[in-house]
Amino acid sequence: MEYNFREIEKKWQQRWVAQQTYRTTENPERKKFYVLNMFPYPSGAGLHVGHPLGYIASDIYARYKRLQGFNVLNPMGYDAYGLPAEQYAIQTGQHPAITTDQNIARYREQLDKIGFSFDWSREVRTCDPKYYHWTQWAFQQMFGSFYCNKCQSAQPIEKLIEHFEKQGTADLDAVQNEELSFTADEWRAKSDNEKQQVLMNYRIAYLAETMVNWCPALGTVLANDEVVNGVSERGGYPVEQKRMKQWCLRVSAYAQRLLDGLETIDWTESLKETQRNWIGRSEGTEMQFKVADSDIEFTIFTTRADTIFGVTFMVLAPESELVAQLTTPEQKAAVDEYLAYVKKRTERDRISDRKVTGVFSGSYAINPFTGDKIPVWISEYVLAGYGTGAIMAVPAHDSRDYAFARHFNLPIIPLIEGADISEESFDAKEGIVMNSPATGKTALDGFSLNGLTVKEAIAATKQFVTEHKLGRVKVNYRLRDAIFSRQRYWGEPFPVYYKDGMPQMVPQECLPLELPEVDKFLPTETGEPPLGNAKKWAWDTKTNTIVDNSLIDNDTVFPLELNTMPGFAGSSAYYLRYMDPHNDQALISKKADEYWQNVDLYVGGSEHATGHLIYSRFWNKFLFDLGVSCKEEPFQKLVNQGMIQGRSNFVYRIKDTNTFVSLGLKDQYDVTPLHVDVNIVSGDVLDIEAFKAWRPEYATAEFILEDGKYICGWAVEKMSKSMFNVVNPDMIVEKFGADTLRLYEMFLGPVEQAKPWDTNGIDGSHRFLKKFWNMFWQKDDFVVTDDAPTPAELKSLHKLIKKVTEDIEVFSYNTSIPAFMIATNELTQLKCQKRAILEPMVVLIAPFAPHIAEELWEKMGHTTSVCDAQWPTFNEKYLVEDTVKMMVAFNGKTRFSIDFPADADNATIEAAARGHELTPKYVEDKQIMKVIIVPKRMINIVIK
RNA sequence: GCCCAGAUGGUGGAAUUGGUAGACACGAGGGACUUAAAAUCCCUUGGCCAGUGAUGGCCGUACGGGUUCGAUUCCCGUUCCGGGCACCA
């Protein structure tokens with residue numbers, strides 16, 4: 001009987017929908033398992049074969065867990081806000097919602113063909129008001145919270161107000177933008193507006209004037225993870241630094257918890273490392289330096305407090321407020337000129353061209369340990385955003401300071417015994433300290449580091465600094481607060497209106513605040529974000545409704561926020577929403593949260609390491625502090641599926657002709673390689689007729705063939721339209737079936753590894769499924785008998801159960817598929833058509849190839865879905881061998897093998913070896929030194 | 001520059017974590033069936049050498065060392081490819 005995959009797959013896909021096979025409900029009786037894929041952005045190009053890789057891998061796991069008796073949640077949805085739909089809208093005027101809906105419909109159609117076990121009743125879309133209701137809600141909660149360092153959690157802002165009313169800022173340990181100091185009386189004396197401004201300094205979602213990454217080409221600001229090498233991640237446009245008032249999220253408050261949490265989750269080491277780098281914890285010392293002949297004092301941050309005796313100059317970041325204070329009248333002209341130069345330089349200039357630049361401020365600082373006067377310089381190599389924006393320069397032991405000192409001829413004092421600093425600085429934190437202080441000099445309180453190791457010196461200095469109140473020990477993080485405003489249309493609107501210039505929250509019960517209609521998706525003529533084009537975008541505080549802008553009176557009707565939220569807003573808590581997607585009273589009910597807890601297995605690309613995966617961990621920790629999420633980490637285990645690259649094909653055109661030469665002969669001509677659509681190439685052989693039809697300019701093409709064929713060249717490249725190497729899963733499904741596609745994608749290699757797609761190999765997977773199908777048939781009759789299985793058959797089956805079970809647990813599907821092939825071949829040869837063997841086989845293959853499994857399961861007389869079957873367990877007793885093949889090696893050199901009874905003990909085997917029973921010709925007169933027996937594997941006889 | 005991961009046939013990749021390297025699949029070559037094609041099935045397929053032959057020998061997991069009876073696997077050094085961070089003091 002022919003394996004008619006088209007009919008089978010269609011039938012079961014329809015039946016799964018009709019019978020709601022994959023609908024999941026909370027069931028306290030059963031253990032839960034939550035499998036999640038990073039939801040896709042539905043782009044206009046549709047899915048290519050690379051996209052489903054992770055979905056297939058997680059689907060196999062989800063189905064496997066279900067067969068093991070778990071109540072599995074395996075949802076899917078769409079990250080529907082995004083730039084492409086908005087840019088398409090700008091070009092065509094078509095509303096992004098329409099484009100997005102169309103793209104989603106197309107995605108859904110493609111996904112449905114692959115046979116996933118998604119519970120579509122839980123689908124979410126980030127652009128759906130019912131969904132972004134809770135994105136807006138979370139934002140308001142962040143606005144209404146501050147971060148308490150003492151209790152290490154977010155707390156309601158009301159607690160902070162209470163604290164201010166009782167004791168002002170005294171005894172306050174909260175994360176803040178700048179350190180404020182006032183008494184309770186002073187607080188009470190403040191106006192409402194002033195109080196609001198003070199609170200803004202502490203809120204977790206706060207409005208602040210900060211340096212932002214401004215991308216003029218995109219007309220919006222970008223978060224740090226959206227800027228790569230000084231250009232925008234999307235589009236590669238230049239990015240400049242600009243001071244703007246923006247909403248920010250106080251992610252940095254969670255830096256330590258984000259770091260600590262990594263220890264509790266099961267992610268790859270490299271991904272954790274990436275996040276550690278991004279968080280960038282560094283432990284050091286903040287020290288105060290006085291400015292000579294002035295009352296001014298400033299603070300620097302250093303991880304090398306031990307090098308204090310080697311400081312020969314100080315450096316300020318050009319953007320630092322100290323620059324204005326410390327510049328002397330004589331130096332003002334030079335400094336202004338330098339600042340103008342720095343301002344001209346974009347982020348990209350700084351990265352590509354690292355020349356040494358700087359200017360002397362005219363002021364001197366006093367080394368607190370020695371009283372020495374040290375010149376204060378200004379240079380762009382010091383960053384305003386990190387530490388305090390000011391450093392102490394130790395040219396002998398920091399390569400940047402070294403370059404600077406050499407360039408401007410500043411002194412260099414070596415501090416490590418024996419370190420050669422004639423060519424470069426000695427940056428390593430090792431060696432014995434000297435010159436601290438230098439001979440003949442004395443330091444404050446006779447402090448000396450001479451003779452200590454660097455580690456000891458760092459500790460000693462920290463202690464001294466703390467005791468003498470010269471500064472304090474400080475931990476710095478590279479992780480910055482996230483800029484949360486975007487000057488775009490297609491994003492979540494902020495539920496915020498402005499009264500007297502201060503932001504006010506739209507009442508919680510009025511959420512969601514729906515995105516308004518606009519006639520143009522571009523920024524306004526006055527440079528306001530696209531929402532500035534909306535005519536009805538004002539908040540009436542009397543009626544609590546959105547009203548026409550013309551009614552704004554700044555008394556009861558106020559303008560609404562014009563920015564929208566960034567892409568990561570909607571994707572930061574979607575995994576929680578899947579647990580309870582239709583709840584309109586809360587983001588998630590307590591009951592659903594407590595049942596589903598967090599994601600057990602999360603599958604997605606590693607490109608989100610410093611974006612989504614940081615933000616959603618932060619977001620979840622915040623919700624954890626609020627008591628909304630019961631788990632501090634959202635994703636317990638994370639698997640990064642590798643990208644599937646394209647395999648491009650090339651044809652070689654002889655220069656200035658329309659003649660194409662085959663790969664093997666191309667070196668004889670002067671040729672230009674051109675990409676050719678991989679869909680008209682099969683096994684690297686070009687379909688010449690299809691090629692002529694492909695492009696009008698090729699209609700008259702001529703060919704120089706080898707062996708009557710045109711052979712194309714190939715290369716592995718990113719899968720993209722412009723390389724003509726996109727392979728569409730629909731085409732594969734049409735030609736081979738979804739089960740073949742699923743099997744082949746897994747067979748291609750380890751899920752985590754990047755690998756090129758090569759359609760050529762797919763025949764093997766398809767052939768296997770045919771063989772599997774044929775095991776159940778004799779001609780046109782379906783034959784499954786109730787005969788008792790033989791030991792050989794049982795062995796084949798149990799070997800397979802063992803292998804597949806172990807493989808799935810560790811995501812090693814690529815090695816399970818050969819096991820299926822081997823077992824199928826063995827059983828076909830044994831002509832086994834016994835239910836006791838074939839039934840478990842069908843269950844085993846169900847996660848991989850669900851359609852064929854369902855069909856066979858039904859044919860075997862079952863009335864329920866194979867999804868509700870039970871995963872077979874293997875029995876070791878069928879795997880035990882009667883005899884064990886032992887390899888015999890002499891001095892490690894393998895010679896032959898001998899069968900021993902399986903229960904032979906090592907003493908018996910060794911006796912056989914020593915008794916020269918193992919072919920004496922290799923031993924003869926030589927003496928046996930040692931016999932090493934590797935259990936059930938090898939006898940190594942060491943001879944003289 | 002720093003950190004992380006990796007390198008195995010013509011190709012994708014296996015190898016029970018120290019025990020017969022190259023499973024399985026693709027591709028290639030040969031054969032069977034067929035008027036023919038498709039489909040299906042069988043054999044060969046890391047390199048070199050010897051033999052009519054079954055077969056036997058040597059080399060071989062990027063390169064050079066080391067530990068071990070035995071190394072793709074562990075250690076040290078080198079080269080190359082990929083990823084992350086990058087004037088972060």
Side-chain angles (χ1 to χ4, degrees), chain A residues 2 229 268-282 284-285 300-305 307 315 317 350-351 354-356 379-383 385-394 397-401 403-404 427 476-480 606-607 609-610 640 642-643 647 683-684 714 716 743-744 747-750 752-765 767-768 770-771 774 802-803 806 812 814-822 825 885-897 929-943:
Chain A
E2 200 193 337
N229 290 328
T268 62
E269 201 41 50
S270 70
L271 191 64
K272 287 187 188 178
E273 196 61 28
T274 300
Q275 291 215 338
R276 285 189 200 110
N277 282 342
W278 189 257
I279 296 165
R281 180 192 154 102
S282 88
T285 313
I300 59 96
F301 174 77
T302 180
T303 53
R304 292 295 302 272
T307 58
V315 189
R350 276 197 179 194
I351 290 165
R354 277 190 195 164
K355 56 185 174 193
V356 179
S379 173
E380 60 178 336
Y381 86 85
V382 173
L383 306 175
Y386 184 77
T388 61
I391 62 151
M392 63 179 214
V394 185
H397 302 293
D398 181 284
S399 51
R400 296 151 302 178
D401 299 345
F404 196 82
D427 292 16
N476 256 324
Y477 300 91
R478 183 163 50 226
L479 184 71
R480 309 293 163 81
S606 59
E607 67 272 20
T610 55
N640 286 125
M643 232 211 320
R647 188 178 185 280
D684 290 336
W714 63 275
V716 172
L743 231 46
Y744 185 57
F747 181 64
L748 220 47
E752 299 91 333
Q753 207 169 84
K755 51 205 169 273
W757 176 265
D758 183 358
T759 306
N760 289 333
I762 201 163
D763 280 343
S765 302
R767 263 198 285 270
F768 157 69
K770 276 192 210 164
K771 285 183 198 168
N774 284 332
K802 187 175 185 203
K803 177 75 179 146
E806 286 170 357
S812 178
N814 57 320
T815 55
S816 308
I817 289 157
F820 274 115
M821 294 179 178
I822 292 165
N825 279 341
K885 189 165 265 186
M886 302 281 297
M887 304 306 302
V888 180
F890 291 92
N891 287 351
K893 207 77 175 157
T894 310
R895 297 294 173 176
F896 52 89
S897 69
M929 309 284 292
K930 206 176 0 170
V931 178
I932 298 155
I933 296 164
V934 178
K936 298 192 176 173
R937 199 161 297 277
M938 177 165 296
I939 309 163
N940 186 34
I941 302 169
V942 184
I943 53 181

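A note on names: the letters A, B, ... follow the listed sequences, proteins ahead of strands, and every chain is numbered from 1.
Distances shorter than 4.0 Å separate some side-chain N or O of A:S282 from OP1 or OP2 on B:A89. Close to B:U40, at under 4.0 Å from its OP1 or OP2, lies a side-chain N or O of A:K770. Using a 4.0 Å cut-off, no side-chain N or O of A:Y381 falls inside it from OP1 or OP2 of B:A89. Look at A:N814 and you'll find a side-chain N or O under 4.0 angstrom from OP1 or OP2 of B:A14.
Contact annotation for A:V394: no contact, since no heavy-atom pair falls under 4.0 Å across all strands. Within the nucleic acid shown, A:R647 has no heavy atom closer than 4.0 Å to any nucleic acid atom. Within the nucleic acid shown, A:K771 comes within 4.0 Å of sugar-phosphate atoms alone, with no base atom in reach, counting heavy atoms only. Counting non-hydrogen atoms under 4.0 angstrom, A:E273 reaches the backbone sugars and phosphates but no base. A:L748 comes within contact range of the sugar-phosphate backbone alone, with a heavy-atom separation under 4.0 Å but no base atom that close. Residue contacts for A:P756: at a heavy-atom cut-off of 4.0 Å it reaches no nucleic acid atom on any strand shown. Residue A:D758 is classed as having no contact, given no heavy-atom separation below 4.0 Å to the nucleic acid.
Taking CZ from A:F768 and CD1 from A:I822, the interatomic distance works out to 10.5 Å, rounded to the nearest 0.5 Å.
Partners of A:Y477 by ring pair (Phe, Tyr, Trp, His ring centres under 6.0 Å), not counting sequence neighbours: none found.
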Pairing annotation in dot-bracket form, given for RNA chain B with Watson-Crick or G-U pairs under 3.5 Å and | for cross-strand partners
((((.((..(((......[....)))((((((.......))))))(((((....)))))..(((((..]....))))))).))))....
